[in-house]
2 protein chains.
Amino acid sequence: MSLPTPAVDADSTESVPRARRGRPRGSTRGRILDIAQELFIEQGYEKTSLREIAERLGTTKAALYHHFQRKEDIILELHLRLHALGRDALDELAALQDGQEQVAAWPGLIDQFIDSVVEHQALFLLHQRNRNAFERILDNDRHRAENDDLEQRLRGLFTNPGIPLAQRVRMVCSVGAVMGPLVGADHLFADVPPAELAEIVRGAAHDVLGG
Amino acid sequence: MSLPTPAVDADSTESVPRARRGRPRGSTRGRILDIAQELFIEQGYEKTSLREIAERLGTTKAALYHHFQRKEDIILELHLRLHALGRDALDELAALQDGQEQVAAWPGLIDQFIDSVVEHQALFLLHQRNRNAFERILDNDRHRAENDDLEQRLRGLFTNPGIPLAQRVRMVCSVGAVMGPLVGADHLFADVPPAELAEIVRGAAHDVLGG
DNA sequence: GTCTATATAGGGATAGAC
DNA sequence: GTCTATCCCTATATAGAC
């Protein structure tokens, strides 16, 4: 039931005592990423200037360029964090042969997905609110090959003729049903214990699939 | 079962023969809005320059300023189109007294909502992909009072203690379940007849509510 | 690793002729 | 209603000292 906890921290220099804010990141590079994530969620990627990021970090624009060559590279790294979350689940799914088995595995994957969304809510929110920016780096960057086939695999699943259309649509519905309360709704259920909220969402998602 | 078809066309000069592209808009102002909507969906509001809009329209930047005082006013008008879609449904909901009745009315509203999303898919997509920009004009603009209480009413419904939490969460889930296949998924089910797709989604949304 | 200073480009917006 | 020309500002990004 527990998530694989992928190698999200591969970037930061891990020789630093880990006691900063929410996430364990002491390195300047990690703090830049955290601040950027916040601002990109609040204002959007395009509307957030490097000056703002630097200001909140207590430094200057030029200093940022020592850690990231281009502004794009910041959101790219955030993108990789998100993809790391989905990789294991998708690998698991790809191991199954035909559509029938994949459909059978879906409810279990949704459970994992819910846990993942609860744990890394901000990352999913970032993606949802900056979808255009995320898509733009797909064209530009060399990391394309190793990454976007992930989305290809998902597309392949949802368009697989071996699975009845109604079943495929409901699979997408289940994802939407999860994202709605956990990501989309601003802080509508902020006062509800995450575990309780997750349990309700779990039930709803399963009802979508079982109908 | 049919939607109210709100006064979305209130802006355009309707003395012009209506035979342009998808939507019936001959006026320059209307065409600007259509082009802007496309580009804002493809690239995002911030990343789309007035020069691009003018180019695609076959004119110049300055000409746009004859129709809209500021760039912001373009997305504001698009915003109003969207709000017009939700107003009648929300009014209907507000007429009901207690939570029990509102919960009972929800499945019917979801049906209306699905029809609305199918018919005005682009408008919902625009909103989903430019949420930050839409939120920004709420602060800036004088149209605040008459508009954003709509969202307040929705918030009020979803946080109403008179309705059990599980029921409220599932209501939000149902919205997500609808948005998932109809708006979020890029063109995953583009080859499926809209009516057939809507029917499947309808079933899924009701299963979320009835569980 | 961080600073000041600067290059360069493109954005929104306005003036005023036609 | 549309054009050309221009103003002003802010953005990304770079150079080079410390």
Side-chain angles (χ1 to χ4, degrees), chain A residues 11-17 20 25-37 39-40 42-79 130 132-134 136-137 139-141, chain B residues 11-17 20 25-37 39-40 42-79 130 132-134 136-137 139-141:
Chain A
D11 54 283
S12 55
T13 311
E14 284 299 355
S15 57
V16 181
R20 189 71 58 162
R25 279 175 189 289
S27 67
T28 302
R29 185 186 168 87
R31 287 174 58 212
I32 293 174
L33 287 169
D34 286 345
I35 292 172
Q37 175 170 292
L39 289 172
F40 291 168
E42 288 171 22
Q43 311 177 334
Y45 171 73
E46 318 283 356
K47 197 68 177 179
T48 301
S49 69
L50 294 177
R51 186 189 52 74
E52 281 176 296
I53 297 175
E55 215 163 61
R56 193 174 287 201
L57 200 154
T59 181
T60 63
K61 261 195 309 179
L64 300 182
Y65 279 93
H66 184 263
H67 300 276
F68 298 92
Q69 286 195 341
R70 300 164 298 164
K71 184 188 180 185
E72 230 188 45
D73 293 339
I74 297 179
I75 202 174
L76 170 64
E77 190 130 334
L78 262 9
H79 192 204
N130 290 280
N132 276 308
F134 274 109
R136 210 164 289 123
I137 58 177
D139 309 328
N140 293 358
D141 222 82
Chain B
D11 55 283
S12 55
T13 311
E14 284 299 357
S15 56
V16 181
R20 190 69 61 163
R25 280 177 188 286
S27 67
T28 302
R29 185 187 169 87
R31 287 173 58 210
I32 293 173
L33 287 170
D34 286 345
I35 292 171
Q37 176 170 290
L39 289 172
F40 292 170
E42 287 171 23
Q43 313 177 332
Y45 171 73
E46 318 283 355
K47 195 69 177 181
T48 301
S49 69
L50 295 176
R51 185 188 54 73
E52 281 176 296
I53 297 175
E55 217 163 61
R56 191 172 287 200
L57 199 154
T59 182
T60 63
K61 256 195 314 177
L64 299 181
Y65 279 94
H66 184 264
H67 301 277
F68 298 92
Q69 288 196 341
R70 301 163 298 163
K71 183 188 181 187
E72 229 186 47
D73 292 340
I74 298 179
I75 201 174
L76 171 64
E77 190 131 334
L78 262 10
H79 192 205
N130 291 279
N132 275 308
F134 274 109
R136 211 165 288 122
I137 58 178
D139 309 329
N140 292 357
D141 222 82

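Since this is a predicted model, take the numbers as computed values, not measurements. Note on naming: letters A, B, ... go to the chains in the order of the sequence lines (proteins, then strands), and numbering restarts at 1 for each one.
- Going from atom CD of B:Gln69 over to atom P of C:dA13 covers 10 Å, rounded to whole Å.
- Mapping B:His67 and A:Glu46 onto DNA chain D by nearest heavy atom places B:His67 closer to the 5' end of the strand.
- As rounded to whole Å, 18 Å separates atom P of C:dG11 from atom CD of B:Glu72.
- Regarding B:Leu50, its CG atom lies at a distance of 13 Å from the C1' atom of C:dT14, rounded to whole Å.
- At whole-Å resolution of the value, NZ in B:Lys47 and C1' in C:dG12 are 16 Å apart.
- For the pair A:Thr48 and D:dA11, the criterion of a side-chain N or O lying under 4.0 Å from OP1 or OP2 is not met.
- A:His66 is linked by a side-chain contact (heavy atoms from CB on, under 4.5 Å) to nothing, counting only residues two or more places apart in sequence or in another chain.
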Sort me out a list of protein N/O and nucleotides 3-7 of chain C N/O pairs below 3.5 Å, or just none if empty.
| residue | atom | partner | partner atom | Å |
| --- | --- | --- | --- | --- |
| C:dC3 | OP2 | A:Thr59 | OG1 | 2.2 |
| C:dC3 | OP2 | A:Thr60 | N | 2.9 |
| C:dC3 | OP2 | A:Thr60 | OG1 | 2.8 |

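- Here the side chain of A:Tyr65 is nearest to one of D:dT14, C:dT14, C:dT2, namely D:dT14.
- Look at CD on B:Glu52: it is 11 Å from C1' on C:dG10, rounded to the nearest Å.
- Under 4.0 angstrom from either OP1 or OP2 of D:dT10 there lies no side-chain N or O belonging to A:Arg51.
- Residues passing the side-chain contact (heavy atoms from CB on, under 4.5 Å) test with B:Phe134 are B:Ile75, B:His79, B:Leu126, B:His127, B:Asn130, B:Ile137, sequence neighbours excluded.
- Using a cut-off of 4.0 Å between Lys/Arg side-chain N and Asp/Glu carboxylate O, B:Asp73 and B:Arg70 are scored as salt-bridged.
- Across every non-hydrogen atom of B:Glu77 and B:Phe68, the tightest pair is OE1-CE2, 4.2 Å.
- Counting non-hydrogen atoms of neighbouring residues, nucleotides and ligands closer than 6.0 angstrom, the CD atom of B:Gln69 reaches no more than 12 such neighbours.
- The minimum heavy-atom distance between A:Glu46 and A:Lys71, with the atom names listed, is O-NZ, 3.8 Å.
- Between A:His66 atom NE2 and D:dG16 atom P the separation is 17 Å, expressed in whole Å.
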Quick one: side chains of residues 49-57 of chain A, donor-acceptor pairs under 3.5 Å with protein atoms, not counting sequence neighbours, listed by atom name and distance.
| residue | atom | partner | partner atom | Å |
| --- | --- | --- | --- | --- |
| A:Ser49 | OG | A:Glu52 | N | 3.3 |
| A:Arg51 | NH1 | A:Glu55 | OE2 | 3.2 |
| A:Glu52 | OE1 | A:Ser49 | N | 3.0 |
| A:Glu52 | OE2 | A:Gln43 | NE2 | 3.2 |
| A:Arg56 | NH1 | A:Glu38 | OE1 | 3.1 |

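- The interatomic distance linking A:Leu64 (CG) with C:dT2 (P) rounds to 9 Å, in whole Å.
- Atom CZ in B:Phe68 sits about 18 Å away from atom C1' in C:dT14, given to the nearest Å.
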